[in-house]
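Worksheet: one structure, shown below.
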Number of protein chains: 2
Amino acid sequence: MNQIRGKQSIEFENPPRIISGASVVGKKEGEGPLGHLFDLVNEDPMFGEDSWEKAESTMQKEAAKLAVRKAKLEEWQIRYAFSGDLLGQLIATSFGLKEMQLPVFGLYGACSTMGEALQLGSMTVNAGYADYVLCMASSHFGSAEKQFRYPLEYASQRPLSATWTVTGCGAFVLGRKGGHVKISGITTGKIIDYGVKDSLNMGACMAPSAADTIYQNFMDFDRGPQDYDKIITGDLGSIGKEILIRLLKDQGYDISGQHTDCGLEIYDAKTQDTHSGGSGCGCSAVTLGAYILDQLAEGNWNRVLFVPTGALLSTVSFNEGQSIPGIAHAAVLERI
Amino acid sequence: MNQIRGKQSIEFENPPRIISGASVVGKKEGEGPLGHLFDLVNEDPMFGEDSWEKAESTMQKEAAKLAVRKAKLEEWQIRYAFSGDLLGQLIATSFGLKEMQLPVFGLYGACSTMGEALQLGSMTVNAGYADYVLCMASSHFGSAEKQFRYPLEYASQRPLSATWTVTGCGAFVLGRKGGHVKISGITTGKIIDYGVKDSLNMGACMAPSAADTIYQNFMDFDRGPQDYDKIITGDLGSIGKEILIRLLKDQGYDISGQHTDCGLEIYDAKTQDTHSGGSGCGCSAVTLGAYILDQLAEGNWNRVLFVPTGALLSTVSFNEGQSIPGIAHAAVLERI
């Protein structure tokens, strides 16, 4: 069977399964609408460490170990880890995964990294290169603000278009047997640049890439919105959501009935003061682990298009006046 | 056929071929011992741009386009790009690959990224997910010094253990037919930390990971040094080379007859004032493109173990007192 679909997609011959998922989050996420669903809510934003970066690494370590335990496996049975984060040179991942002594593929797709990890992980399992792989992504409000914005002590005001970086790590073990959800296909994203330069409106930066990947998924699999129970983007927030829906309407597809965004699910924007919504690699990762997989397992949804979205910038590129391109990587999740 | 070998390796059933390679470098690399072998030597360190980062992106774009042209393909025929660099949030890659409009997997393995890209690229082609993929990695002396060290204008003195970041990008098209070199197997590296904290002695930070990956390759494929014409690490430099050879001797393997290091091949340390040697993602990438592939194609070597090596640090982790772990990803290259 030729598994290549259209221009950017693969339909797996032996769809890998998500056999376990672990979600570790911070206090604010624990207070949000999905709070009761996370595996671990840590009230200490430092996770017992002395820096934001070490806190994020510890969060990765906890999530990875928990995912392996929930899969009823030993660490040595995991053949590869696919993981990434938002920090320069992926230090949350390097120091988070060090102790587990697994072969590691470090990934960077900004906040789309969870999608990238699931894609490469499922390609690996489907091809028979591994019985089990670990796919993971994290972000931390403190380390991200320090990396990209101003010191928290400044208490800078944020425009309403800004999003709130999720403190969270989602880790997933993929394998051939077990679990209630399979990854039946993937659509890998291109870098899409509409020239938006506002780093405090990341939804607008990423929406075009989400639209491109979703459109391409429809083309490659000969599907439309009605073929999915839900189409769930990563962290577009309320402004990005509007743009996405409008862009796809222009292409002849109305996804307003199916669409939601992890950034809108994870916080209650009104009471939690998160403005446009949640963001960060961890946003889609923990929403997948805590909410999306559950809805699929319980049979409330049968097929979901999961589309983590990333804004490709650094403070250097931003300060040098470059635009902020986006990328979005989709995975088709189906109830078994 | 079960393609899994031992703990960390794959032996490919349909070994992907490197059907073209392109190497684009700066002036200093052009003046080195391999200078006459590079495809393009740009005398302008800015590559016609107004920042080091844009220069590196332009270098990626030039190398990618040249590799595709040398493979006698059109850009649309490349199904995926696997690429990375050293800059925070991979901006050299994001802005370098934007124009080509390919599905992109952004990778970060520090200076081992060329190995990581070849591994994921060859896994993808071997599994039948793509006819052609592009694998690429770059570094730039100016952007790396700005990212990791001091402003060049300070003219800081460097210790003799320091290496010199290569300005260069290597790009490779993998496919099923053509070319003179196949990737017969891979050994994916673990994160190895001996607790070294000296960021001006990266060879010492990375040597343990190179030793670990090479040792694991010997175990997984039931081979020894004598089974390779050359064992070529990425950028250990002269100090790292010594440590690597000693570590493997302790394990019962003497690779001193087979070993060389791209960082030692690319510059003439005595006349070019590069101290311990060359480094950066581009170091192993352009040495592969200009030198290693040629030696294999000409039949001077039949089987090479190519082992790009990476030091996992950021200025943040370093300044917070963390150690500098290493990672090394190996590819077995064979003459067809």
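Here is the naming used below: chain letters follow the sequence lines, and residue numbers restart at 1 for every chain.
- Interface remark: of the candidates His329(A), Gln147(A), Met123(A), Met123(A) forms the most heavy-atom pairs closer than 4.5 Å to chain B.
- Across Asp50(A), Asp193(A), Ile327(A), Thr93(A), the residue that shares the most heavy-atom pairs under 4.5 angstrom with chain B is Asp193(A).
- Taking a 6.0 Å sphere around CD of Glu75(A), one finds it holds more than 12 heavy atoms contributed by other residues, nucleotides or ligands.
- Legend: side chain to side chain donor-acceptor pair (under 3.5 Å) pairs involving residues 104-126 of chain B, not counting sequence neighbours, sorted by first then second residue: Tyr129(A)-Asn126(B), Gln3(B)-Asn126(B), Gln119(B)-Thr188(B).
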Quiz item: Does the side-chain contact (heavy atoms from CB on, under 4.5 Å) test come out yes or no for Gln322(B) and Ser94(A), once each step is laid out?
Solution: CA-CA 11 Å; Gln322(B) 298 253 51; Ser94(A) 304; over 6 Å; no

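- The residue among Leu107(A), Leu87(A), Thr187(A), Leu120(A) with the most heavy atom pairs within less than 4.5 Å of chain B is Leu120(A).
- For Ala130(A), the part lying under 4.5 angstrom from a heavy atom of chain B is the backbone only.
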Exercise. Report the C-alpha separation of Phe318(B) and Gln89(A) in whole Å, then their side-chain angles, then the decisive distance to 0.1 Å, and conclude whether the side-chain contact (heavy atoms from CB on, under 4.5 Å) test is met.
Key: CA-CA 11 Å; Phe318(B) 178 74; Gln89(A) 291 77 44; over 6 Å; no

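- Contacts of Lys146(A) with chain B are made by side-chain atoms alone, with heavy-atom separations under 4.5 Å and no backbone atom involved.
- Listed by sequence position, Leu312(B), Leu313(B), Ser314(B), Val316(B), Ser317(B) are the residues of residues 305-317 of chain B in contact with chain A, using a 4.5 angstrom heavy-atom cutoff.
- For Phe148(A), the part lying under 4.5 angstrom from a heavy atom of chain B is the side chain only.
- At most 12 heavy atoms of other shown residues, nucleotides or ligands fall within 6.0 angstrom of atom CD in Glu99(A).
- Across Ala81(B), Gly128(B), Ser143(B), Pro103(B), the residue that shares the most heavy-atom pairs under 4.5 angstrom with chain A is Pro103(B).
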